[in-house]
Amino acid sequence: QVLLKESGGGTVRTGGSLTLSCIGTPTLPKSGYMAWFRQTSEKEREGVAVVWTVNGASTFYVDSVRGRFTISHDHEKNTLYLQMKRLMPGDSAMYYCAASTSVPDYDDIFRTSTYSLWGQGTQVTVSS
C-alpha cells in the first residue's frame with residue numbers, strides 16, 4: 001500500500017512563498033492524477049492543483065491559485081511538489097496531497113471522491 005506524507009508547511013507573511021512536498025512510500029503511483037487539496041475549519045476540502053503524472057506536462061489549477069501555485073512531481077524522488085508564491089491570508093489551510101489509482105473523467109479531477117490515497121496534511125498559515 002502506498003503511503004503519502006506531506007511536509008513543508010509553516011507560517012509566512014503575505015506575499016511570501018512556500019514549497020510543499022509529498023513523499024510516496026514505497027513509491028508514488030506510476031500513472032494517474034495526483035493533486036493538492038486544502039481545507040479549513042470553515043470550508044470543505046477543495047482541490048487547488050492537479051497533475052497528470054503520465055506525461056507530467058498536464059497541470060490544472062483552480063482560478064484562485066492559477067499563476068501563483070505550481071504543481072510538479074519527480075518520480076525518481078517519489079515526490080509531489082506544490083510551489084506557492086505570492087501567498088495571501090486566504091491561502092491559509094491544511095494542505096493535503098492525494099493520488100488516484102484510476103483514471104477519472106476530466107470533470108472529476110478536483111473532486112475528493114476521485115482520490116483514494118491521502119496524506120495526513122501539512123499546515124500553511126499566511127499572516128497579514
- Task: Would you please indicate yes or no on a ring centroid separation below 6.0 angstrom for Tyr115 and Tyr33?
- Result: no
- Item | Side-chain donor/acceptor of Thr122 to backbone N/O of Gly9, under 3.5 Å | yes
- Task: Indicate the atoms forming the closest heavy-atom contact of Pro104 with Ser100, along with that distance.
- Result: CD-OG, 4.5 Å
- Message: More than 12 heavy atoms of other residues, nucleotides or ligands under 6.0 Å from CD of Gln120: yes or no?
- Response: no
- Would you name the heavy atoms of Thr114 and Asp108 that are closest together and state the gap between them? OG1-O, 2.5 Å
- Val48 with Val12, same ILVMFWY side-chain cluster at under 4.5 Å: yes
- Group every Ile, Leu, Val, Met, Phe, Trp and Tyr by side-chain heavy-atom contacts under 4.5 Å, then state whether Leu117 and Ile71 land in the same group. yes
- Item | Over all atoms of both residues, closest heavy-atom pair of Asp74 and Tyr81 | CB-CE1, 4.0 Å
- Message: Would you say the ring centers of Phe60 and Tyr106 fall short of 6.0 Å from each other?
- Response: yes
- Item | Where Glu6 and Trp36 come nearest, the two heavy atoms and their spacing | CG-CZ3, 3.8 Å
- So NE2 of His73 and OG1 of Thr53: to nearest 0.5 Å the spacing works out to 5.5 Å
- Considering the options Met84, Arg86, Arg38, which one meets the side-chain contact (heavy atoms from CB on, under 4.5 Å) requirement together with Val65? Arg38
- Message: I need the minimum non-hydrogen distance between Ser21 and Thr79, along with the two atoms involved.
- Response: CB-CG2, 4.0 Å
- Could you list the residues that satisfy side chain to side chain donor-acceptor pair (under 3.5 Å) with Thr40, not counting sequence neighbours? none
